[in-house]
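Just so it is clear, the values below take in all heavy atoms, side chains as well, and ignore hydrogens, waters and symmetry mates. Owing to the predicted nature of the structure, the values given are computational and were not obtained by experimental measurement.
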Amino acid sequence: MYLDTLVLHAMPSTEAQHPIATPEDLRLVDALRAGDEQVFRDLVERYNASLIRVALMYVRTRAVAEEVVQDTWIGVLRSLPRFEGRSSLRTWIFRILANQARTRARKEARSVPFSSLAGGDAPAVDPDRFLPVDHSAYPGHWATPPRSWGGLPEEALLARETREHTLAAIDALPASQRTVISLRDVEGWSSDEVCDLLEISEGNQRVLLHRARSKVREALEDYLDGRAA
């Protein structure tokens, strides 16, 4: 699970680029076009939670977000004949979701450009504590573990309560930061995929991700300091 990477930072986030549909994507699309219900159910199970998180970036409540996601899956099925493989299947599905969510947000008169939600707050953690973005192995990751991690066994760091605390810290972030870190560090999206989906620049995405990681790190340090005391 990519969340383990966020907690431990022992591995880099997935950076594999999929600018176009993979052979597996095309196989899934062919199965969907043939009416394979199991493939459709598998896709829903794989992406539904993430789709709801992204929908909440645009709409007011979870109930509305769930309606948007339902409309998205209907849109996916209706749009299958037009899938040309110019993007990955995942990006294509989430782009349909983003369009559905923006339409619903306009109806609620609360459409806000994603880039305007970056906020002007300073990072919660000194940038020097992160590796440079051009680092060969771990771009943008923590240069050193948070305080007190060395005194805790790895099993404890991977325990359910620690992962739940990490998710809670992510849920507490501003919406734009929450969406970017969820896509990058929880779902394992590449920076290019996130920029493409959210229609933001690489620089904006990098700032949002750094601020989000900083705040999550601060929350985890506070939690682990208390646990190790």
Side-chain angles (χ1 to χ4, degrees), residues 1-6 11-59 62-107 111 113-115 139 167 170 175-176 178-202 204-206 208-209:
M1 182 179 183
Y2 291 107
L3 180 57
D4 295 340
T5 300
L6 175 61
M11 299 170 57
S13 297
T14 299
E15 293 293 339
Q17 304 298 311
H18 298 296
I20 60 174
T22 65
E24 175 64 10
D25 287 338
L26 298 178
R27 184 191 70 79
L28 291 174
V29 170
D30 286 343
L32 291 171
R33 287 170 173 166
D36 191 321
E37 294 183 3
Q38 185 58 52
V39 168
F40 181 70
R41 285 195 293 269
D42 290 344
L43 283 176
V44 171
E45 182 177 354
R46 184 186 308 172
Y47 294 129
N48 216 62
S50 299
L51 288 166
I52 290 174
R53 280 194 290 269
V54 174
L56 283 168
M57 174 66 235
Y58 300 93
V59 299
R62 183 178 179 87
V64 174
E66 290 175 348
E67 291 178 5
V68 168
V69 172
Q70 291 177 4
D71 290 341
T72 296
W73 287 118
I74 293 172
V76 166
L77 294 176
R78 289 176 175 172
S79 300
L80 282 172
R82 298 192 296 276
F83 181 80
E84 298 179 348
R86 296 179 181 178
S87 64
S88 70
L89 178 60
R90 178 174 65 176
T91 299
W92 182 73
I93 291 172
F94 276 78
R95 190 175 293 126
I96 292 174
L97 177 280
N99 289 334
Q100 292 280 357
R102 291 188 190 108
T103 298
R104 186 61 176 262
R106 283 194 293 270
K107 291 180 180 178
S111 180
F114 189 94
S115 58
L167 289 174
I170 291 174
S176 56
R178 182 176 65 245
T179 302
V180 171
I181 196 173
S182 294
L183 291 172
R184 289 295 311 277
D185 287 346
V186 179
E187 306 301 333
W189 287 48
S190 72
S191 59
D192 285 348
E193 288 177 308
V194 173
C195 292
D196 184 27
L197 173 66
L198 301 178
E199 299 180 348
I200 57 176
S201 69
E202 167 59 26
N204 197 349
Q205 184 267 163
R206 188 165 56 248
L208 289 167
L209 181 61

message: Run the side-chain hydrogen bond (donor to acceptor under 3.5 Å, both in side chains) test against Asp196 and tell me which residues pass, sequence neighbours left out.
response: Arg95
query: Just by modelled atom types, is the Arg82 backbone N or O under 3.5 Å from a matching donor or acceptor in the Ser79 side chain?
result: no
query: Can any side-chain N or O of Asp71 pair as donor or acceptor with the backbone N or O of Val68 at less than 3.5 Å?
result: no
Gap separating the CD atom of Gln100 from the CG atom of Leu97, nearest 0.5 angstrom: 8.0 Å
- line: dist Arg206:CZ -> Ser191:OG (nearest 0.5 Å) comes out at 9.0 Å
message: As an exercise, state the distance from CZ of Arg33 to CG of Leu26, rounded to the nearest 0.5 Å.
response: 8.5 Å
task: Mind checking side-chain hydrogen bond (donor to acceptor under 3.5 Å, both in side chains) for Glu24 and listing every partner two or more places apart, or none if nothing turns up?
output: Arg27
- prompt: Under the 3.5 angstrom rule, does the side chain of Arg184 hit a backbone N or O of Val194 as a donor-acceptor pair?
  reply: no
message: If I compare all heavy atoms of Thr72 with all of Ile93, which pair ends up nearest, and what's the gap?
response: CG2-O, 3.9 Å
task: Would you name the heavy atoms of Ile52 and Arg62 that are closest together and state the gap between them?
output: CG2-NH1, 3.5 Å
message: Would Arg90 and Glu187 count as a salt bridge (charged side-chain N to carboxylate O under 4.0 Å, His left out) here? Give the steps.
response: CA-CA 11 Å; Arg90 178 174 65 176; Glu187 306 301 333; over 6 Å; no
- line: Interatomic distance, OG@Ser50 vs CG@Leu183, rounded to 0.5 Å, equals 7.0 Å
message: When you compare the side chain of Met57 with that of Leu198, does any pair of heavy atoms fall below 4.5 Å?
response: no
field: For Ala98 against Leu197, the heavy-atom pair lying closest together
entry: CB-CD1, 4.3 Å
statement: Taking every heavy atom of Ser182 against every heavy atom of Ile170, the minimum-distance pair comes out as OG-CG2, 3.6 Å
- prompt: Considering residues, nucleotides and ligands other than Gln38, do more than 12 of their heavy atoms fall under 6.0 Å from its CD?
  reply: yes
Trp73 versus Leu43, closest heavy-atom pair with distance: CH2-O, 3.6 Å
task: Just jot down the salt bridge (charged side-chain N to carboxylate O under 4.0 Å, His left out) partners of Arg46, sequence neighbours excluded, or say none.
output: none
- prompt: How long is the span from the CG atom in Asp36 to the CG atom in Asp30, to the nearest 0.5 Å?
  reply: 11.0 Å
task: Check Glu193 against Ser190 and note the closest heavy-atom contact, atom names and distance.
output: OE1-N, 3.0 Å
query: Are any non-hydrogen side-chain atoms of Tyr47 and Val69 less than 4.5 angstrom apart?
result: no
Option from Leu32, Val29, Val76 for which side chain to side chain contact (heavy atoms under 4.5 Å, CB included) with Phe83 holds: Val29
- prompt: Is there a side-chain contact between Asp185 and Leu209, using heavy atoms and a 4.5 Å cut-off?
  reply: yes
field: Arg41/Glu45 ion pair, N-O < 4.0 Å
entry: no
task: Would you give the length of the straight line joining atom CH2 of Trp189 to atom OG of Ser88, rounded to the nearest 0.5 angstrom?
output: 6.5 Å
